[in-house]
Amino acid sequence: MPIPKLYNTLTRSLESVVIRNGKVGVYCCGPTVYDVPHAGNARAALVPDILVRLLRSLGLDVTYVRNITDVDDKILDRARKSGTSPLELSGGMAKVYQDLMAQLGCLQPTVEPKVSENIAEIVALIGQIIERGSAYVVERSNGTRDVYFSVRSFSDYGKLSRRKIDELRVGARIERDEEKSDPLDFALWKGASADEWGWDSPWGRGRPGWHIECSAMSGRYLGHGFSVHTGGMDLIFPHHENEIAQSEAAQPGSGPLAQCWLHNGFLNVDKEKMSKSLGNFVTVPDVLKRNDPEGFRWFLLTAHYRAPIQLDTETLADGRVTFPSIDEAERRVDYLYSTVERLAELPARSSEQVITLPKELQPFTRSTTDNVQAAESSLLDDLNTPVALAALGELLKSANELCDLKLKRRKDPAFVRAVEIPGFTLDTAIRQVTGWLGLLQSSPAEYRERTRRNRADRRGLSTDTIQGMVNERETARRERDFARADALRDGLLNLGVSVKDTPSGSVWSIGA
Ligand code: AMP
Ligand code: ZN
């Protein structure tokens with residue numbers, strides 16, 4: 001079995017995924033749910049999705065954990081402002097996130113743990129770290145107690161981000177409300193007064209610090225030393241550095257928290273990281289108002305996950321914002337669905353009949369094998385999705401050439417019959433590659449149906465108006481008024497609507 005190689009931030013090198021008894025654990029740092037996700041957050045969910053798909057296609061038993069951070073000061077602030085409780089707000093936003101990621105074709109994680117449902121595990125882990133002498137309790141002037149991790153106690157601190165403690169200390173300062181012994185120490189537990197949001201603990205009421213949750217939840221669901229930990233590059237420091245310190249300090253001598261640390265590059269706007277705090281963000285619903293989710297997915301796959309990806313925007317005269325590169329990706333998805341639909345019209349394969357393949361058709365079976373291999377080996381080589389997309393493009397090109405050839409030679413029944421062999425293998429190959437990439441998750445009819453409304457909206461049309469024109473054209477054809485039927489077809493074409501006549505009636509679609 002081929003084993004995928006991934007770039008490990010910890011060792012700065014490509015390494016084979018560590019598999020234990022056919023099992024692989026993948027942990028993805030999920031969203032802090034105080035608002036709807038932005039386009040960059042979608043990239044961070046898509047990268048582990050591609051990895052999990054690839055590992056499962058190799059027959060591995062993958063446990064995929066993507067957490068939900070539902071305890072956080074930003075959630076508390078937002079809830080206060082909107083007059084709801086923090087867990088009510090985060091519960092709603094978590095559902096929005098899950099629904100959007102599913103629309104983008106992301107697999108449902110095996111477990112999607114929430115911080116609020118793992119407080120006992122968090123408290124137990126903090127207790128363990130204190131016992132090991134790597135954390136200390138501080139009493140604050142208001143009587144509440146915090147727990148801090150002592151960075152000095154963990155000699156490997158900085159090994160992931162390659163930062164030196166002494167250099168870090170220069171820039172660090174202690175906030176006024178913190179009473180820690182070293183500016184680099186970070187909170188494992190933050191005390192809260194009786195009327196504040198919080199949970200009981202051996203150190204009194206409070207809430208967990210940000211980093212401890214991922215140590216506790218990965219430990220609970222994957223155990224220490226699991227295979228791959230993922231997240232955006234912004235999480236390398238301090239979040240992942242601190243996760244390592246906590247988990248490894250709690251269990252000295254038991255090896256690394258995770259075997260491989262995989263970090264995705266940013267989705268940028270004007271060369272700057274898209275983020276809520278910079279205010280340069282486009283939400284996933286903003287994108288889906290204009291584009292099909294599969295087009296957005298294709299766009300995200302066009303760059304290698306470690307490279308930045310640029311989201312261009314264009315503002316139309318009427319003020320609407322468009323995303324030209326996602327539009328372009330959507331046209332590729334159109335091509336994918338239309339190709340699969342064309343392939344389905346080829347003769348169905350009948351296994352009993354062995355046909356010798358005419359020379360003319362042999363390159364098609366070769367192209368199939370070569371391109372599936374190219375897609376697989378590029379994904380195995382650090383999830384190189386742009387190369388896999390290029391191989392998929394070659395398969396689609398071959399499929400269309402095959403369909404064209406069949407049309408040209410339609411008067412030769414033996415040839416048409418032989419086309420079934422490369423047709424069948426091309427169809428299987430396209431499904432295999434799109435399976436790795438999480439594309440082609442609908443039928444062509446479902447895709448057409450789904451894209452119609454968005455695209456009609458973009459052109460300021462209603463689907464009812466278009467359907468009305470299509471019906472009128474069908475009537476004209478039935479009444480043999482071909483001049484009128486043609487005029488209606490031209491009118492539709494001017495609107496970007498193409499009509500295909502099938503035995504079961506006219507089917508229309510709008511271009512991306
Ligand atoms: P957050 O909700 O801010 O904790 O982010 C959730 C995930 O999205 C984390 O893995 C972040 O690293 C990742 N992320 C945030 N902004 C971007 C961006 N602009 N591009 C790619 N990933 C991002
Ligand atoms: Zn995390």
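The shown structure was predicted, so the numbers you read here are calculated from the model rather than taken from an experiment. One-based numbering, in listed order, for ligands and for the atoms of each. This chain uses plain numbering: 1 for the first residue, then up along the sequence.
If you run salt bridge (Lys or Arg N to Asp or Glu O under 4.0 Å) between Arg152 and each of Asp182, Asp166, Asp185, only Asp182 comes through. When each of Ile19, Val24, Val228, Ile3 is tested with Leu55 by the rule side chain to side chain contact (heavy atoms under 4.5 Å, CB included), just one qualifies, namely Val24.
The residues lining ligand 1, counting any heavy atom closer than 4.0 Å, are Cys29, Gly30, Pro31, Thr32, His38, Gly40, Asn41, Ala44, Gly231, Gly232, Asp234, Leu235, Asn264, Gly265, Phe266, Leu267, Lys273, Met274.
In this structure, Arg306 forms a cation-pi arrangement with Tyr7, its terminal cationic atom sitting closer than 6.0 Å to the ring centre and no more than 45° off the ring axis. Geometrically, Lys273 does not engage Phe281 in a cation-pi contact, judged by NZ or CZ lying under 6.0 Å from the ring centre and within 45° of the ring axis. Stacking of Arg163 on the aromatic ring of Phe237 is recorded, both the 6.0 Å distance cut-off and the 45° axial limit being met.
Taking both residues in full, the closest heavy atoms of Arg458 and Asn291 are given as NH2-ND2, 3.7 Å, listed atom of the first, atom of the second, then distance.
Rounded to 10°, the angle formed at the Zn ion (ligand 2) by Cys214 SG and Cys29 SG is 130°.
One of the N, O or S atoms belonging to His239 lies under 2.8 Å away from the Zn ion (ligand 2). For residue His240, no N/O/S atom approaches the Zn ion (ligand 2) to within less than 2.8 Å.
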Ring pair (Phe, Tyr, Trp, His ring centres under 6.0 Å) between His240 and His263: does it pass, once the steps are laid out? CA-CA 10 Å; His240 289 167; His263 291 103; 5.0 Å; yes
